[in-house]
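Following: one structure in structure tokens, then a few remarks.
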Protein chains: 2
Amino acid sequence: MPGTFDLDQQHWDLDAKLVAAAERLGQALRALLRREARRHGLSPVQLQVLIQVGQRAYPKRVGALAARFDVSAPTLSDAVAALEAKGLVVRRPAADDRRAVELELTAAGREVASRAEGWADGVTALAAALPTADKLQAFATLTALIAGLQAEGVVSVARMCRTCRFLREGTDTPYWCALLELPLEREDLRVDCPEHEPRAA
Amino acid sequence: MPGTFDLDQQHWDLDAKLVAAAERLGQALRALLRREARRHGLSPVQLQVLIQVGQRAYPKRVGALAARFDVSAPTLSDAVAALEAKGLVVRRPAADDRRAVELELTAAGREVASRAEGWADGVTALAAALPTADKLQAFATLTALIAGLQAEGVVSVARMCRTCRFLREGTDTPYWCALLELPLEREDLRVDCPEHEPRAA
DNA sequence: CAGTGTATTTAGGAGTCCTAACTATCTGGA
DNA sequence: TCCAGATAGTTAGGACTCCTAAATACACTG
């Protein structure tokens, strides 16, 4: 590496730099989440669980949530226990499977969730200033990477359209959802769809 | 939201979806780092510190590393203590400031660092399959978001060219580094430059 | 209905992450 | 010169993360 410091080392690999940038952004987002959680007297996972359980149509069981956040069941169980102790969620046996537990927000839980769910709004606002075409491109690139990681089994669940068995090519639009029977533009593709079912039997 | 489940909710905001995708990818990368660290009997932060200290030309003090990883000084101090106990780094008073501590890898530390520093190679390989133009675009978009977050003081240090006081517009190339006196293409912009100095006095 | 598998919790240990408080050292004046 | 105020780092202590292993309870299959 003659004389250019290690410029070449960073030059030779756009791929590595893209990954590094994603990592940095991820770190920033994580820090942001941590601070928001703290503001509400919660830990990061606790807040994530609270927000997720606050969404309708998503699975609200310990196992599903553990997969969603890529942690073990005991870790998530701890977080739920803490949330329950704080009076923000209620735990109840599932109707169809009494081994399982359904989570539900209490009134207090809904209150906190609604105040905290916009924790990433600052970043979203920054994104608003960028050209739509760039964002579409970046979105496609990021989801391609996520899909690749999921295919390799690195990351457990990602309920993205890109990995969903109902995603088809469209006739008038680029894509088509065979479950909802809806045409989809590129910007309609979701990152976290309640109806998602993995491809390949 | 009439009848389309919450499709519209996800439709209306490409910005939010881009952020969600970044968050997911960040989560996956974090999980990957955790596993690699585990493989070497280390914790995530310990591995990050080990790798960072293994790079030349970067600050190797506790404070700088804490800022780099967005954690408090005590947290990083703990990690360093653990690494020292494992015989992977040495702690020594800095030459110019005897309050400060310089870290250095031991032979064992270099060994582990060199085996683990490619922890994200799997993702990089996935990126290699994507078109260069897309990656350039995505890289620009991600760094724009990071720069925005840094400007807002959300994230502490990001030694990116985009926030560096030495970055100029180039004549033949899009950019120019006024410190190294080098022309820079878009793909030359760095995410973590040793020579970085923040803009604005 | 026995056997196997699944959902979750408990137990226990290393590490993360914080704030507060303390030591040692540096730095800028009077 | 000497001291007040900053700064680099550590220690202390508490809540939480994250794991594996083991237990409990229930579900499914033949």
Side-chain angles (χ1 to χ4, degrees), chain A residues 27 30-50 53 59-86 88-103 155-157, chain B residues 27 30-50 53 59-86 88-103 155-157:
Chain A
Q27 174 184 302
R30 193 162 65 256
L32 221 46
L33 174 65
R34 224 172 21 225
R35 286 167 211 175
E36 181 72 25
R38 213 151 231 298
R39 232 192 300 287
H40 298 280
L42 300 173
S43 72
V45 188
Q46 286 167 25
L47 180 54
Q48 284 184 301
V49 169
L50 199 67
V53 172
K60 295 175 173 51
R61 298 187 180 180
V62 171
L65 291 166
R68 163 68 181 79
F69 298 120
D70 253 312
V71 299
S72 66
T75 296
L76 208 112
S77 186
D78 278 354
V80 170
L83 284 173
E84 194 171 32
K86 290 170 183 170
L88 302 177
V89 306
V90 185
R91 219 197 272 251
R92 67 174 46 151
D96 55 326
D97 183 344
R98 273 170 310 172
R99 292 170 301 181
V101 167
E102 297 276 355
L103 302 182
V155 69
S156 39
V157 199
Chain B
Q27 175 184 302
R30 192 161 66 256
L32 221 46
L33 173 65
R34 221 166 30 218
R35 286 167 212 176
E36 181 73 25
R38 217 151 226 298
R39 233 192 298 288
H40 299 280
L42 299 172
S43 72
V45 189
Q46 285 166 25
L47 181 54
Q48 285 184 300
V49 169
L50 199 68
V53 172
K60 295 173 174 51
R61 297 187 181 180
V62 170
L65 290 167
R68 163 68 180 80
F69 298 120
D70 255 311
V71 298
S72 66
T75 297
L76 207 112
S77 187
D78 280 353
V80 169
L83 285 174
E84 193 171 33
K86 290 171 184 170
L88 302 177
V89 306
V90 186
R91 217 196 272 253
R92 67 175 47 153
D96 55 325
D97 184 343
R98 274 172 308 173
R99 290 171 305 183
V101 167
E102 296 277 356
L103 302 182
V155 70
S156 39
V157 198

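Values reported hereafter were calculated over all heavy atoms of this structure, with side chains retained and with hydrogens, waters and symmetry mates removed. Naming: A, B, ... by sequence-line order, numbering from 1 per chain.
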Can you tell me which nucleotide in [options] comes closest to the side chain of [X]?
| X | options | result |
| --- | --- | --- |
| V71(A) | dC18(D), dC16(D), dT16(C) | dC18(D) |
| S72(B) | dG9(D), dA11(C), dC18(C) | dC18(C) |
| Q46(A) | dT16(C), dT10(C), dC16(D) | dC16(D) |
| V101(A) | dT8(C), dT16(C), dA8(D) | dT8(C) |
| V62(B) | dT16(C), dC19(D), dG9(D) | dG9(D) |

When the distance from [atom1] of [X] to [atom2] of [N] is rounded to whole Å, what number comes out?
| X | N | atom1 | atom2 | result |
| --- | --- | --- | --- | --- |
| R34(A) | dC16(D) | CZ | P | 15 Å |
| Q48(B) | dC17(C) | CD | P | 9 Å |
| K60(A) | dT8(C) | NZ | C1' | 19 Å |
| Q27(A) | dT16(C) | CD | C1' | 14 Å |
| R30(A) | dT16(C) | CZ | P | 12 Å |
| H40(B) | dC19(D) | NE2 | P | 17 Å |
| D70(B) | dC17(C) | CG | C1' | 12 Å |
| E102(A) | dC26(D) | CD | P | 16 Å |

Is [X] close enough to [N] that one of its side-chain N or O atoms is under 4.0 Å from OP1 or OP2 there?
| X | N | answer |
| --- | --- | --- |
| K86(B) | dA14(C) | no |
| T75(B) | dC18(C) | yes |
| S43(B) | dA14(C) | no |

Can you tell me how far apart [atom1] ([X]) and [atom2] ([Y]) are? Round to the nearest 0.5 Å.
| X | Y | atom1 | atom2 | answer |
| --- | --- | --- | --- | --- |
| R38(B) | L47(B) | CZ | CG | 13.0 Å |
| L83(B) | L103(B) | CG | CG | 8.5 Å |
| H40(A) | Q46(A) | NE2 | CD | 12.5 Å |

Where [X] and [Y] come nearest, the two heavy atoms and their spacing:
| X | Y | value |
| --- | --- | --- |
| L65(A) | P59(A) | CD2-O, 4.2 Å |
| V45(A) | A79(A) | CG1-CB, 4.1 Å |
| D70(A) | R34(B) | O-NH2, 2.9 Å |

Exercise. Starting at the 5' end of DNA chain C, which residue's closest nucleotide do you reach first, G63(A) or P44(B)?
Worked result: G63(A)

Please list, for nucleotides 23-27 of chain C, all pairs of protein and nucleotide N/O atoms separated by less than 3.5 Å.
unit_1: dT25(C); atom_1: O2; unit_2: R99(B); atom_2: NH1; d: 3.2
unit_1: dC26(C); atom_1: OP1; unit_2: R98(B); atom_2: N; d: 3.2
unit_1: dC26(C); atom_1: OP2; unit_2: R98(B); atom_2: NH2; d: 3.4

For this session: Give a yes or no answer on whether the side chain of K86(A) reaches the backbone of L42(A) with a donor-acceptor pair at less than 3.5 Å.
Result: no

